[in-house]
Protein chains: 2
Amino acid sequence: MAIISSRATAADIAKSAGVAKSTVSLAFSAPERVSAKTRERILNAAAAAGYTPNPVAQSLKTGRNNIVGIILADLTNPHGGAVLGQAQQTANDIGYMVMTTTASHDPKRDLEFVRKFEQLNIRAAIIMPSGSSDEYVGALSASSIRFVTYGHKLSGLACDHVGLDNRMGMELLVRHLVDLGHRRIGHVAGNLRQWSGTERLDGLRESLSDAGLALEDKYLGFGEYDEEASYRAALKLLRKKDRPTALITANNVTAIGALRAARDLKLRCPEDISVATIDEVPWSELISPTLTHAAQPIGDMAACAATWLIERLEGQNKTELPRFIEFPPKLIVGQSTASVDGH
Amino acid sequence: MAIISSRATAADIAKSAGVAKSTVSLAFSAPERVSAKTRERILNAAAAAGYTPNPVAQSLKTGRNNIVGIILADLTNPHGGAVLGQAQQTANDIGYMVMTTTASHDPKRDLEFVRKFEQLNIRAAIIMPSGSSDEYVGALSASSIRFVTYGHKLSGLACDHVGLDNRMGMELLVRHLVDLGHRRIGHVAGNLRQWSGTERLDGLRESLSDAGLALEDKYLGFGEYDEEASYRAALKLLRKKDRPTALITANNVTAIGALRAARDLKLRCPEDISVATIDEVPWSELISPTLTHAAQPIGDMAACAATWLIERLEGQNKTELPRFIEFPPKLIVGQSTASVDGH
DNA sequence: CGTAATTATCGAACCGGTTCGATAAATGGT
DNA sequence: ACCATTTATCGAACCGGTTCGATAATTACG
């Protein structure tokens, strides 16, 4: 019901409180520099007029603002939405607004958005990188923006990073499958130009080797984090006469592709083929069969990224070295994995 | 690789092109008002210096900018992410940036965000309304922001609206079920304080009546667009001795709750109970059983909302009356519905 | 060719704050 | 009570554009 008083300005408040415009400014931006009496007078006048400092003017003068950017690679995957939602909430709660963009996996668009952010005086952003080339990383480094990378770490960019412990995820899945008696374990990999893709692949290799096994080349398919590609890759693996008894996939989309492939080949899951994946699927409890997976604590991860970002912004960590955290995934056993001997 | 020239200003360009600062401004904002010669000289100088007008300064002076807002009720539902992604893309393609917020169904937060938007000179926003009370609508009307409502229409707010043809959706579902021989059709409704909730309920009633049937009170449950509430509501309906043979649910979350209820009661779907819903479920083809549903053309809807919004912003439609569009849903038949006599 | 009507360019004021150096007021020490 | 500090307030300049009224340069035309 409050009538939006059309734009009270600092000068108005100054007049009505009998002080200089600059004092009004101080009363808001550095209250301790103004005597208790006048501060109260100013604040009262401001409240009466519904005055609040104009953030655009502030930003012009100071080159700062209360906006953080988020650059996502993808919003079609529910993961992106979840990250955005949590990061947004965290940021909003501390008084920051969020400007979002989605690059649709196009590194060039990432860089365009970075440029826009700079123009808007946005000084910090969470980025799910779409690229990893030298010039891409170079452009990000050259930018005046402080980044927190999410999901895919960029080697060569000195910034905070929040991600998943991919190696641990693979270890959980491998151990689970090995315990069920599987020996021929295949993999539909993600995008190997991205940190998470190679980490997951390397982690898988390592975990298999710890179990006295190895990832055979013929059991390795390339899904590119794309459902269609994953479908084809899985199809190829599952058509072999000595097909793997279990498939580990690199993320949710990849798993969906693999499941579709199994179904189309009339392979029953888990009786004929076990499938386990990193990453989760929304409403996974209704998917049939429910997926065994290494779940990411998305909420915690996104909140961490937002918090770190704003810490940097507010300068508490000017000199501190880049931080790096990998959250531990959690093994959720579903119906998609079973003992190798038909259980 | 372009070295980010630290901030060339209009004054710099003016000097290097031998003109006044105001002429530089004109060269960018109203090129036709500057002679071809000087315009070229200015543009060259600008290009050489990597100059681009500072949007913050522009916004301070003009009270305008190239930012649109999006206020979502929810980002945990994949629907929100899809809408955001599409709207974002549309906006970005026309040179607009997007500021997002998520109110988590709290009308008060909606209004806070509106206030922030105003301060930031954002003049237009897409809103998935979280509330519908008089004061809520009043506050939106009083705001200087042009809205496009998405999903839930607000009666009393004169603005463009983009939504789904909910009545048609219900008609599709009812006809499908009636054709399968169902006569006892139950409903788990959504949030009846929201337009879409009542539209869907009314649409259902109407469609049933067209088929010579009626919605009996005992077959009506209230799901509030919440999974838990829907679960409980469905449980109650399905426990009746003369339980409905088919259930229509108000949206995806509601359907999930209903399916869980059926499963927990050891009712087989579709043999014992058919379930159909408005709204879709991501990766629905893997859910078991696949859901019969009235699918929303989310991409088209979101693109339309973004386009309309920006049209308003750019003033082509100053005087035109509010527009209203309801996109037709499409019936997707899955495995969750079957003939009433055990098929 | 001279004057009227256009068109191009300029300078100054302004948007609404912040910040700095200077002045005024309050406080402290002896 | 007197001077040295410290603290509070002020005025002016500035951030980087836009916009308006005024002047200068063109063009039109009788």
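Letters A, B, ... are given to chains in the order of the sequence lines, protein chains preceding strands, and every chain is numbered from 1. Small disclaimer: the values here were computed from a predicted structure and weren't measured.
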Axis-to-axis angle between the two ends of the helix from C:dC1-D:dG30 to C:dT30-D:dA1 (five base pairs per end, rounded to 10 degrees):
30°
Can you figure out which of C:dG17, D:dT19, C:dT18 approaches the side chain of A:Ser25 most closely?
C:dT18
Between A:Thr9 and C:dG17, is there a contact of a side-chain N or O with OP1 or OP2 at under 4.0 Å?
yes
C:dA25 P sits how many Å from A:Lys37 NZ, rounded?
13 Å
Can you find a side chain N or O atom of B:Gln58 that sits less than 4.0 Å from OP1 or OP2 on D:dT18?
yes
Closest approach of A:Ile13 and A:Ala49, non-hydrogen atoms and distance?
CD1-CB, 3.8 Å
The side chain of B:Leu60 is closest to which nucleotide in this list: C:dT18, D:dG17, C:dC15?
C:dC15
Whole angstrom value for the distance that separates P of D:dC15 from CG of A:Asn65
19 Å
Where protein sits on nucleotides 6-13 of chain C, one letter per nucleotide: B base, S sugar-phosphate only, - none, heavy atoms under 4.0 Å
--SSBBB-
Could you state the CZ-P distance from A:Arg64 to D:dC15, rounded to the nearest angstrom?
15 Å
salt_bridge(A:Arg115, A:Glu118) N-O dist < 4.0 Å
yes
Might you confirm whether atom CD of B:Gln119 has over 12 heavy atoms from other residues, nucleotides or ligands at distances under 6.0 Å?
yes
